Amino acid sequence: MKLIHCSDLHLDSSLNALPSELAKKRRMELITTFVRLTEYANDNGVSVIMLAGDIFDTNFATFATKERFASIIKSNANIDFLCLEGNHDEQNFLSTLNYPNLKRFNSTWTSYSYGNVVICGASCGEISCLASSLSLSPTNQNIVLLHAQIASRSQNDNLNLVDFTNKNIDYLALGHLHAFRQDKLDRRGKYCYCGCLEGRGYDELGQKGFVLLDTCDNIKSTFIPFAYRQVEQISLDLTSLNYAQILDSAKTLLKNVNPTSIVRLVLEGSYKIDTYTGIKELEEIYSQKFFYFCVKDASKPEIDKSQEICLSNQFMSYVASSTLTEQQKGKVIEYGLKALRGENL
């Protein structure tokens with residue numbers, strides 16, 4: 001038997017890292033990737049898709065997207081969708097859908113059996129109570145589905161792995177973290193975060209996808225990279241580089257990045273004022289080469305004492321000759337000198 005463990009679709013996310021038109025297109029891609037997932041399932045003999053929470057982004061999920069999600073479930077009647085509500089999901093939406101292949105979980109343990117494979121799950125609740133009430137047969141292949149974050153103590157939606165050891169779990173399928181992570185749970189089983197299907201912001205870098213499970217030989221799990229786009233963040237240290245070297249370094253760092261990616265170039269280190277190439281130029285060069293490209297400037301000017309005095313005098317002279325009021329001039333000079341010294345404003 002084959003199953004898919006996926007999570008954190010976050011359909012209809014706001015996607016604030018992108019301009020509005022690209023965000024709109026990207027929101028469509030999130031639901032399209034879920035459609036592609038069902039196509040993969042059909043092509044590869046997958047019987048069950050387990051959704052470990054956060055199907056939607058609560059505050060942004062539209063009626064149209066909910067209807068689209070429902071239609072995907074309905075049109076894939078040969079696949080069982082085992083859906084867990086996460087902390088971002090609108091509570092009770094799934095309960096309005098009445099399809100035989102949609103299986104839900106409540107705040108207490110609910111189990112679904114497929115021969116000797118038993119999938120047991122519970123929606124967001126008090127994890128410590130769930131851990132103490134979990135009872136699984138040692139003769140079954142047991143999968144436990146939860147939306148929780150690993151912590152030192154089981155409470156609310158935090159999960160202490162120790163509380164779930166020695167409970168006959170073969171595979172603890174987790175949602176909530178957006179990066180793939182898998183390790184041993186105990187001598188019998190493992191735990192796994194499948195991560196999200198698509199990266200949405202610069203805190204969701206690298207490959208995203210789902211986990212394919214095969215129960216023929218115990219429970220074999222394989223991470224399948226599946227995202228249509230990746231989010232990439234690349235750092236460029238400007239220290240000691242001249243103008244041409246800055247451009248060459250950026251070209252080298254970006255040459256192997258997929259053009260479909262969402263890319264942020266972070267400028268770091270210190271630069272000589274007379275050789276620094278500005279943010280605007282780099283953005284003009286690369287904005288057409290990727291789905292989206294931006295520059296984050298975390299660098300600072302390299303100024304020796306003689307330069308600082310010269311710059312300070314020029315700056316104050318410029319402000320003094322401006323048409324600002326005396327009060328405004330004082331404030332501008334105050335903040336300008338702080339900026340030259342690299343102080344927080």
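Bear in mind the structure is a predicted one, so any value in this text is a computation, not a measurement. Any value given below was found using the heavy atoms of this structure, including those in side chains, with hydrogens, waters and symmetry copies removed.
I55 and I79 fall within a single hydrophobic cluster, where Ile, Leu, Val, Met, Phe, Trp and Tyr are joined by side-chain heavy atoms under 4.5 Å apart, directly or via other members. Y286 and Y292 sit in two unconnected hydrophobic clusters of ILVMFWY residues. Membership requires side-chain heavy atoms under 4.5 Å apart, directly or through other members. Residues V162 and I169 do not share a hydrophobic cluster, clusters being chains of Ile/Leu/Val/Met/Phe/Trp/Tyr side chains in contact below 4.5 Å. Both V211 and V117 are part of a single hydrophobic cluster, where members link through side-chain heavy atoms under 4.5 Å apart. Cluster membership check: L238 shares its hydrophobic cluster with L253, using side-chain heavy-atom separations under 4.5 Å among Ile, Leu, Val, Met, Phe, Trp and Tyr.
Contact annotation: the side chain of I127 never approaches that of D163 to less than 4.5 Å [non-hydrogen atoms, C-beta and beyond]. Taking the side chain as every heavy atom from C-beta outward, E281 and Y243 approach each other to under 4.5 Å. Put simply, the side chain of N158 does not reach to within 4.5 Å of the side chain of N160, judged on heavy atoms. The closest side-chain heavy-atom distance from I49 to N76 is not below 4.5 Å. Residues Y171 and S221 are in side-chain contact: their nearest non-hydrogen atoms beyond the backbone lie under 4.5 Å apart. Taking 4.5 Å as the limit, every side-chain heavy atom of L22 sits out of range of all side-chain heavy atoms of L15. Contact of the Y191 side chain with the V144 side chain is not registered, since no non-hydrogen atoms from C-beta on lie closer than 4.5 Å. Residues T110 and R104 form no side-chain contact, since every pair of their non-hydrogen atoms from C-beta on lies 4.5 Å or further apart.
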I143 and D170: CA distance, side-chain angles, deciding distance, side-chain contact (heavy atoms from CB on, under 4.5 Å) verdict: CA-CA 6 Å; I143 298 173; D170 295 287; 5.8 Å; no
Mind running side-chain contact (heavy atoms from CB on, under 4.5 Å) on L3 and L82 for me, showing each step along the way? CA-CA 10 Å; L3 310 90; L82 275 57; over 6 Å; no
For a side-chain contact (heavy atoms from CB on, under 4.5 Å) check, start with the C-alpha distance between L174 and L159, then their side-chain angles and the critical distance, and finish with the verdict. CA-CA 10 Å; L174 297 172; L159 177 153; 4.1 Å; yes
Intermediate values then yes/no, ring-ring contact (aromatic ring centres under 6.0 Å, His included), Y40 and F210: CA-CA 11 Å; Y40 177 97; F210 61 88; 5.1 Å; yes
Hey, mind stepping through F290 and I262 against side-chain contact (heavy atoms from CB on, under 4.5 Å) and telling me if it holds? CA-CA 7 Å; F290 301 100; I262 297 166; over 6 Å; no
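To the nearest 0.5 angstrom, K103 atom NZ is 13.0 Å from S111 atom OG. The distance from the CG atom of L51 to the OG atom of S7 is 7.5 Å, given to the nearest 0.5 Å. Here CD of Q141 is found 5.0 Å from CD1 of I219. Values are rounded to the nearest 0.5 Å. Note: D297 CG to L236 CG = 10.5 Å, rounded to the nearest 0.5 Å. Put simply, CE on M1 and CG on L213 are 9.5 Å apart, with the number rounded to the nearest 0.5 Å. Taken from NZ in K167 to SG in C120, the straight-line distance is 11.0 Å, to the nearest 0.5 Å.
A side chain to side chain contact (heavy atoms under 4.5 Å, CB included) with L30 is found for exactly one of L11, L9, L197, T65, namely L11.
Here the closest non-hydrogen pair linking N142 and N168 is ND2-O, 2.8 Å. In terms of heavy-atom proximity, S14 sits nearest to R27 at O-NH1, 3.1 Å. In this structure, Y193 and A148 approach most closely via the heavy-atom pair OH-O, 2.6 Å. Smallest separation of non-hydrogen atoms from A77 and N101: CA-ND2, 3.7 Å. Nearest heavy atoms, L177 versus D8: O-OD2, 4.1 Å. Taking all atoms of both residues into account, the shortest heavy-atom contact from C83 to F69 is SG-CZ, 4.4 Å.
Judged by the 6.0 Å and 45° rule, R36 forms no cation-pi pair with Y228.
A donor-acceptor distance shorter than 3.5 angstrom exists from the side chain of N242 to the backbone of A244, with no hydrogens or angles considered. Between the E283 side chain and the V295 main chain, a donor and an acceptor come within less than 3.5 Å of each other. For N106 (side chain) and T108 (main-chain N/O), no donor-acceptor pair under 3.5 Å exists by modelled atom type. Counting only distance, with no hydrogens or angles, the side chain of H176 and the backbone of H147 share no donor-acceptor pair below 3.5 Å. No side-chain donor-acceptor contact under 3.5 Å links R188 to the backbone of N166. Judged by distance alone, with hydrogens and angles left aside, the side-chain atoms of S261 form no donor-acceptor pair with the main-chain N or O of V263 at under 3.5 Å. Side chain of Q328 to backbone of L324: no donor-acceptor contact under 3.5 angstrom is found.
The side chain to side chain donor-acceptor pair (under 3.5 Å) analysis of residues 246-259, with sequence neighbours excluded, yields the pairs N258-T260.
Shown here is Y318, whose OH atom has no more than 12 heavy atoms of other residues, nucleotides or ligands within 6.0 Å. For CG of N78, the number of neighbouring non-hydrogen atoms (other residues, nucleotides, ligands) closer than 6.0 Å is greater than 12. For K74, the NZ atom counts as loosely surrounded, since its 6.0 Å shell holds 12 or fewer non-hydrogen atoms of other residues, nucleotides or ligands.
Taking 4.0 Å as the cut-off between side-chain N and carboxylate O, R26 and E29 count as a salt-bridged pair.
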